[in-house]
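Notes follow the structure.
Note: hydrogens, waters and symmetry copies are ignored here, and every other heavy atom, side chains too, is used.
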Amino acid sequence: MNSAIVRGLLVRGMLAGLASGLLALVVAYFLGEPRIDAAIAYEESHSHEHEMEIVSRSLQSTAGLATGVLVFGVALGGIAALAYCFALGRVGRFTPRATAALLSAAALVAVYVVPFLKYPANPPSVGDPETIGKRTTLYFLMTALSVLLAVAAVIVGKRLAPTLGNWYATVVAAAGFAVAVGLAYAFLPAVNEVPEDFPATLLWQFRVAALAVQLTLWTSFALVFGHLAERLVNPKPATATTAAGTSPEAAPVA
């Protein structure tokens, strides 16, 4: 893969990330923001201290949210495009579009779903402010472990494929990944700082909304980037034309 194609995929990945970020922004605004407002209202009703807002809530839920999601989408698209350049042709005989779909699905699972199941997202008012450093470290540690284990599973599957065949090699690699993740879940400390009277329905709805945002982001990225990558890597041949510049069907019959 030459530098021109890599550069083209990088640009297309960032554009696809921007497009998927726009869709994720819509989901975050309509599903996530109402739950955040409800959690903030719960926090205010249970706290006797009133802190001055440095940034207004209306700005946070509009321009702040848009900036964060769109920047994240563009950055995600660029990183995913570089990973795609490495993976294309090395993970099996898949088309560029299918490779984009597989890469996006693997990234969704490794980067978000696996850490989410151990340390799920929490709305405001959930969590002790004094442990935020510890919780952040544990979450990123789980994310790093998940990504490294996913890469190791792909390498193991590739090495076992000549002996076991693609199907059984994939099953063994996936089972090994699941076992390793289970061990990480068991050894890493749990975090449970949800107040006893916090509404369980609100907590559930917030976590579902957070998962929906990521699902929208990665699914739309797979579709948009897969289409753009397919057109770049496997361009359709130009229609044959006559010397006069007309199609054979339009050429006059002698």
What's the shortest heavy-atom distance between [X] and [Y], and which atoms?
X      : Y      : answer
Ala110 : Ser146 : O-OG, 2.6 Å
Cys85  : Arg90  : O-NH1, 3.8 Å
Pro124 : Glu43  : CB-OE1, 4.4 Å
Ala161 : Asn166 : CB-OD1, 3.5 Å
Leu103 : Ala83  : CD2-C, 4.1 Å
Gly157 : Ala169 : O-CB, 3.5 Å

For residues [X] and [Y], determine if any side-chain heavy atom of one lies less than 4.5 Å from a side-chain heavy atom of the other.
X      : Y      : result
Phe198 : Asn122 : no
Phe225 : Leu9   : yes
Leu203 : Pro123 : yes
Phe72  : Leu217 : yes
Trp204 : Pro199 : no
Val69  : Val213 : no

For the atom pair [atom1] ([X]) and [atom2] ([Y]), what is the distance rounded to the nearest 0.5 Å?
X      : Y      : atom1 : atom2 : result
Arg97  : Leu102 : CZ    : CG    : 13.5 Å
Lys158 : Thr170 : NZ    : OG1   : 9.5 Å
Thr137 : Met142 : OG1   : CE    : 14.5 Å
Leu18  : Leu23  : CG    : CG    : 10.0 Å
Leu65  : Leu70  : CG    : CG    : 8.5 Å

Pairs flagged by salt bridge (charged side-chain N to carboxylate O under 4.0 Å, His left out) wherever residues 169-195 is involved - sequence neighbours left out: Arg135-Glu193
Pairwise salt bridge (charged side-chain N to carboxylate O under 4.0 Å, His left out) hits with a residue in residues 22-37, at least two apart: Glu33-Arg57, Asp37-Arg57
Looking at [Y], is its backbone amide N or carbonyl O close enough to the side chain of [X] to form a donor-acceptor pair, meaning the two atoms are under 3.5 Å apart?
X      : Y      : answer
Lys118 : Leu138 : no
Tyr84  : Pro96  : yes
Thr131 : Lys134 : no
Ser20  : Gly17  : yes
Thr219 : Thr216 : no
Thr136 : Ile132 : yes
Tyr139 : Ala121 : no
Ser104 : Ala101 : no

[X]-[Y] co-clustered via ILVMFWY side chain contacts under 4.5 Å:
X      : Y      : result
Val154 : Val147 : no
Leu117 : Val181 : yes
Tyr185 : Val179 : no
Val191 : Leu188 : yes
Leu211 : Leu108 : yes

Under 4.5 Å side-chain linkage, directly or through intermediates, the cluster mates of Val172: Val156, Leu160, Leu164, Trp167, Tyr168, Val171
Parallel, tilted or perpendicular, as decided by the 30° and 60° cut-offs, for the rings of Trp218 and Phe221: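 Judged by the thresholds at 30° and 60°, the geometry between Phe221 and Trp218 is perpendicular.
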Enclosure of Tyr29 OH (heavy-atom neighbours >12, cutoff 6.0 Å): no
